[in-house]
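Read through the structure below, which is laid out as structure tokens, and then see the notes.
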2 protein chains.
Amino acid sequence: MPPGPRHTLSPAELATWEAFLRAHASIMRRLEQDLAAHDLTLSDYDVLVQLVQAPDRRLRPVELSRAVLLTRSGITRLVAGLERHGLVERIPAPGDRRGQLVTLTAAGLERIRAAGRTHGRGIRELFADRLDAGELERLRATLERLPADPAGSPAPATGGDLGGGAPGPG
Amino acid sequence: MPPGPRHTLSPAELATWEAFLRAHASIMRRLEQDLAAHDLTLSDYDVLVQLVQAPDRRLRPVELSRAVLLTRSGITRLVAGLERHGLVERIPAPGDRRGQLVTLTAAGLERIRAAGRTHGRGIRELFADRLDAGELERLRATLERLPADPAGSPAPATGGDLGGGAPGPG
DNA sequence: CGGAGATCGTTGCGCGCGCAACGGAGTCCT
DNA sequence: AGGACTCCGTTGCGCGCGCAACGATCTCCG
């Protein structure tokens, strides 16, 4: 009974898969701890990064939810927290009375810059600096053959709010 | 001002890092959905797998917490859920009146076998089958150069319960 | 033996987040 | 104009999980 699609993972496959999980878990935990020193979660960080990169440093919540791995409701509450801490402000969106614009404050800019240095250093220590140029490039090529879908199944154009959902990679 | 340790991530580094995050997020979401069809979370699955592999298919909760990415309190509640669904039983641990043994029931065994097929197929589709043997081996070698620490900083032998914590990779 | 300290499982609390549903507002089509 | 969809941000609810603290128990050592 030669090859054909197996129904078990080979030891090599299993070992690689486990190394993948292990590496991700360890790195993320460390990065999370690092950001905690700046009083930020990883999601906070992602959102603030989107804001610094945005034109005029302002974005609609729904755009944030598309750019980051969070639903609209998650964004609502996260932004509320950032606002309480004075890192962002919410102003009514010009030309759309439903929505608002989330804008980065000076304090927010300072915070994300400081956190960004920490975060960048962490990624280098835990990830980038451990791989040489060739390894890095091969890793990228390999990873890009794995799934990178933004969300679950696409949405049929049904009724109300239903839809493919917000969470896409960050 | 030639090389020296930079303070920014190069575009190549950033792209690889992002591919890493993206791949992990997409794959995990899919695997989670697959397991939901068996009414299990990823943590449920991990715990059940530990049990099938254990001698006599029974383990102490504290051993589960060491084997899996969960604290003792997480294990308590997760096992309570599994017990409610009849997948495990808890019996007093012989020789240690503090603790118990979590044992897999027939239903639990059946469930983990079915879920295991689904899960294995998912990992193959999303991960293993997308890489050829050489790629897989190189990926494993690369990933094993990244952190794989079980927990945060090691614990000084202080007082009471404090300690490096339970969560180790799963 | 007895006491100090460590370990086990549990529990109260809080956080982060998704899902579903809502009212208000925009858009499109007749 | 007006009705039907669609989209926006918010909110109530529930889940999963860590942290810290507790009582019960085990262990080690004088």
Side-chain angles (χ1 to χ4, degrees), chain A residues 25 29 32-33 35-36 39-47 59-66 68-84 90-102 151-152 155-168 170, chain B residues 25 29 32-33 35-36 39-47 59-66 68-84 90-102 151-152 155-168 170:
Chain A
R29 179 164 36 234
E32 201 170 328
Q33 287 171 4
L35 282 182
D39 200 33
L40 293 176
T41 67
L42 281 166
S43 293
D44 289 340
Y45 181 83
D46 280 354
V47 163
L59 281 174
R60 299 279 299 256
V62 69
E63 296 174 301
L64 285 170
S65 81
R66 278 191 284 257
V68 157
L69 201 64
L70 284 177
T71 61
R72 278 171 296 151
S73 80
I75 291 289
T76 294
R77 284 183 275 245
L78 188 153
V79 167
L82 295 179
E83 190 177 32
R84 268 200 306 282
R90 288 190 285 188
I91 63 177
D96 188 342
R97 277 182 302 185
R98 290 173 300 183
Q100 333 133 292
L101 275 179
V102 182
T158 4
D161 254 352
L162 276 276
Chain B
R29 179 166 34 235
E32 202 170 329
Q33 288 171 4
L35 283 182
D39 201 34
L40 293 176
T41 66
L42 280 165
S43 293
D44 289 339
Y45 181 83
D46 281 354
V47 163
L59 281 174
R60 300 280 298 255
V62 68
E63 296 174 299
L64 285 171
S65 81
R66 278 192 283 257
V68 157
L69 201 65
L70 284 177
T71 61
R72 275 170 297 151
S73 80
I75 291 289
T76 293
R77 284 182 276 243
L78 188 151
V79 167
L82 294 178
E83 190 176 33
R84 266 199 307 280
R90 289 191 285 189
I91 62 177
D96 188 341
R97 278 181 302 183
R98 288 171 304 179
Q100 333 132 277
L101 274 179
V102 181
T158 5
D161 255 350
L162 275 276

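Below, all heavy atoms of this structure are taken into account, side chains as well, without hydrogens, waters or symmetry copies.
- One distance of note links OG1 of T41(A) with CD of E32(A); it measures 8.0 Å at 0.5 Å rounding.
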Using the 3.5 Å cut-off, write out each protein N or O paired with an N or O of nucleotides 10-12 of chain D and the distance between them.
residue	atom	partner	partner atom	Å
dT10(D)	OP1	R90(A)	NH1	2.9
dT10(D)	OP1	Q100(A)	NE2	3.3
dT10(D)	OP2	T76(A)	OG1	3.0
dG12(D)	O6	R77(A)	NH1	3.3
dG12(D)	O6	R77(A)	NH2	3.1

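- The salt bridge (Lys or Arg N to Asp or Glu O under 4.0 Å) search around R77(B) returns none, not counting sequence neighbours.
- With values rounded to the nearest 0.5 angstrom, R66(B) atom CZ is found 9.5 Å from R60(B) atom CZ.
- Contact detail for V47(A) and V68(A): the closest heavy-atom pair is N-CG2, 4.3 Å.
- The line from CG of L82(A) to CG of D44(A) is 5.0 Å long, rounded to the nearest 0.5 Å.
- One atom, CG of L42(A), and another, C1' of dG18(D), lie 15 Å apart when rounded to the nearest Å.
- Regarding E32(A), its CD atom lies at a distance of 15 Å from the P atom of dC15(C), rounded to whole Å.
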Kindly give the atom pairs (protein nitrogen or oxygen, nucleotide nitrogen or oxygen) under 3.5 Å for nucleotides 26-29 of chain D.
residue	atom	partner	partner atom	Å
dC26(D)	OP1	R97(B)	N	2.7

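- Atom CD1 of I75(A) sits about 6.0 Å away from atom CG of L78(A), to the nearest 0.5 Å.
- The interatomic distance linking L59(B) (CG) with dC8(C) (P) rounds to 13 Å, in whole Å.
- Between S43(A) and R60(B), the residue anchored nearer the 5' end of DNA chain C, judged by the nucleotide with its closest heavy atom, is R60(B).
- Taking CZ of R29(A) as the reference point, atom CG of L69(B) lies at 5.5 Å (rounded to 0.5 Å).
- Taking atom CG of L69(B) as the reference point, atom C1' of dC19(D) lies 15 Å away to the nearest angstrom.
- Atoms CZ (R66(B)) and C1' (dC8(C)) sit 10 Å apart, rounded to a whole Å.
- For D46(B) and S43(B), the side-chain atoms include no donor-acceptor pair closer than 3.5 Å.
- Atom CG in L64(A) sits about 9 Å away from atom P in dG9(D), given to the nearest Å.
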